[in-house]
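Excluded from the calculations below are hydrogen atoms, water molecules and symmetry mates; all remaining heavy atoms, backbone and side chain alike, are included. By convention in this document, chain letters (A, B, ...) are assigned in the order of the sequence lines, proteins followed by strands, and residues within each chain are numbered from 1.
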2 protein chains.
Amino acid sequence: MSEIEQQLAEFNIRPTAMRMLVYQFIEQQQKAVSLSVIEDYFDKADRTTLYRTIKTFEEKAVVHQIDDGTGVAKYALCEPGCGCDIGLDLHLHFHCTHCNDTTCLTDHKIPKIKVPAGYIAENINLVVKGICDLCNRT
Amino acid sequence: MSEIEQQLAEFNIRPTAMRMLVYQFIEQQQKAVSLSVIEDYFDKADRTTLYRTIKTFEEKAVVHQIDDGTGVAKYALCEPGCGCDIGLDLHLHFHCTHCNDTTCLTDHKIPKIKVPAGYIAENINLVVKGICDLCNRT
DNA sequence: ACCAAAATGCACTAGTGTTGCAGCGATAAT
DNA sequence: ATTATCGCTGCAACACTAGTGCATTTTGGT
């Protein structure tokens, strides 16, 4: 039983070949990936399969969806303390307007936000836009 | 010269009938509106015209685009100190997951966010999701 | 009134997200 | 081992949003 197989099993996901490959691919990336990127990489596989694979991962809190304002959903692996398993996604994301990459800043937590009386805050999405480390140096 | 005509003139926008109507409509809303909502309201007008009207408003910093995570762009009037005129959009937005409405919380500013060394933060998008005042009371 | 420029309307394209359905393979029950 | 079942996969199709090119109309300036 491979390592990836074990990890998927922990999330109660049946470890099919496709799922293991997709998991491995997302794991290798240092950034959040969109569905189209995954499609391009696995050009043999069907769009729908990849779509549903991601949906499954999302439901089981393997990955979380990131909306960086570009209009396309991106996904990144959840990490311990990520909060995704309890429906929260309280770390912030950085979107580089130069290379268009989006990364999780897991160790930078979102500060406490006050909302007006009568409002109930359940979740927070915070995306910082700017120039990333890599683009800044070149 | 009507009041709306004057306001558009201040932004260097030629006050056509269509634009004045759209401006008036957005102004009347207490929430951010999507393009489809505007289309439904002005069912006589062409989609493209409304689309380009909004684009013009956005370029001239009359309205700002809001990405609340629903996948469709919404728009709301800019206000003094909104920051849109200098490319910043530093107030936060509230998206009600119950009624799907998104509102500007203009008087609630975004706290200072720290980013890792090497990163340059240029703009911040902060959307709080939850239950709004109105939905909470009913 | 006339002309140039801008605004409008129509047609069309592209991309993303989503669903229904049929086939196939793995798994479980007999 | 055979069969029944369930879930995964692939194909096709649809809905919606965003965007573009071009012809036509409207607008503002002279």
Which word best sums up how the rings of B:Tyr23 and B:Phe57 line up, parallel for under 30°, tilted for 30 to 60°, or perpendicular for over 60°? perpendicular
Contacted region of DNA chain D by chain B, from 5' end to 3' end of the hits, cut-off under 4.0 Å to heavy atoms, spans D:dT17 to D:dG28
Let me know the distance between CG of B:Asn12 and P of C:dA5, rounded to the nearest Å. 19 Å
Within the structure shown, what part of the strands sits under 4.0 Å from A:Thr49 by heavy-atom distance: base, sugar-phosphate, or nothing? base
Touch check for A:Thr16, heavy atoms < 4.0 angstrom, all strands: base, sugar-phosphate only, or nothing? sugar-phosphate
When you compare the side chain of B:His108 with that of A:Val115, does any pair of heavy atoms fall below 4.5 Å? no
Name the nucleic acid region contacted by A:Arg47, choosing base, sugar-phosphate or nothing; use a 4.0 angstrom heavy-atom cut-off, strictly under. base
C:dA7, OP1 or OP2 - any side-chain N/O from B:Arg52 closer than 4.0 Å? no
Length of the CE-P vector between B:Met20 and C:dT8, whole Å: 10 Å
Heavy-atom side-chain proximity of B:Cys132 to B:His98 below 4.5 angstrom: no
Taking the side chain of A:Ser36 as its heavy atoms from C-beta onward, which of C:dT8, C:dC12, C:dT16 lies nearest to it? C:dT16
Check: A:Arg14 side chain, C:dG25 base, donor-acceptor under 3.5 Å: no
A:Asp46 CG - C:dT16 C1' separation (whole Å): 15 Å
Could you tell me how far apart B:Phe42 (CZ) and C:dG9 (C1') are, to the nearest whole angstrom? 16 Å
Would you check if the side chain of A:Glu5 reaches a backbone N or O of A:Ser2 as a donor-acceptor pair within less than 3.5 Å? yes
Taking B:Phe42 as the starting point, is it possible to reach B:Ile4 by hopping between hydrophobic residues whose side chains are less than 4.5 Å apart? yes
Is there any side-chain hydrogen bond (donor to acceptor under 3.5 Å, both in side chains) pair reaching into residues 127-138 of chain B, and which pairs are they, with sequence neighbours excluded? B:Asp133-B:Arg137
Enumerate the residues from residues 56-78 of chain A whose closest heavy atom to DNA chain D is under 4.0 Å, giving them by residue number; use none for an empty result. none
Please find the pair of heavy atoms, one from B:Ile131 and one from B:Cys96, that lie closest to each other, and give the distance. CA-SG, 4.0 Å
Scan A:Lys44 against the nucleic acid and name what it touches under 4.0 Å (heavy atoms): base, sugar-phosphate only, or nothing. nothing
Looking at A:Gln28, I want to see if its CD is surrounded by more than 12 non-hydrogen atoms of other residues, nucleotides or ligands under 6.0 Å. yes
Between C:dA7 (C1') and B:Ile13 (CD1): distance, integer Å: 13 Å
DNA chain D: B:Glu39 or A:Ala17, which has the more 5' nearest nucleotide? A:Ala17
End-to-end bend of the helix from C:dA1-D:dT30 to C:dT30-D:dA1 (five-pair axes, 10° rounding)? 30°
Pairs flagged by side-chain hydrogen bond (donor to acceptor under 3.5 Å, both in side chains) wherever residues 60-71 of chain A is involved - sequence neighbours left out: A:His64-A:His91, A:His64-A:His93, A:Gln65-A:Tyr75, A:Asp68-A:Thr70, A:Asp68-A:Lys74, A:Asp68-A:His95, A:Asp68-A:Thr102
All side chain to side chain contact (heavy atoms under 4.5 Å, CB included) counterparts of A:Thr16, not counting sequence neighbours: A:Met18, A:Arg19
A:Asp46 vs A:Leu50 side-chain heavy atoms within contact, under 4.5 Å: no
Tell me whether the OP1 or OP2 atom of C:dT16 has a side-chain N or O from A:Tyr51 closer than 4.0 Å. no
Which class fits the ring pair B:Tyr41 and B:Phe25: parallel under 30°, tilted 30 to 60°, perpendicular over 60°? parallel
I want to check one thing: is the phosphate of C:dT18, taken as OP1 and OP2, less than 4.0 Å away from some side-chain N or O of A:Lys55? yes
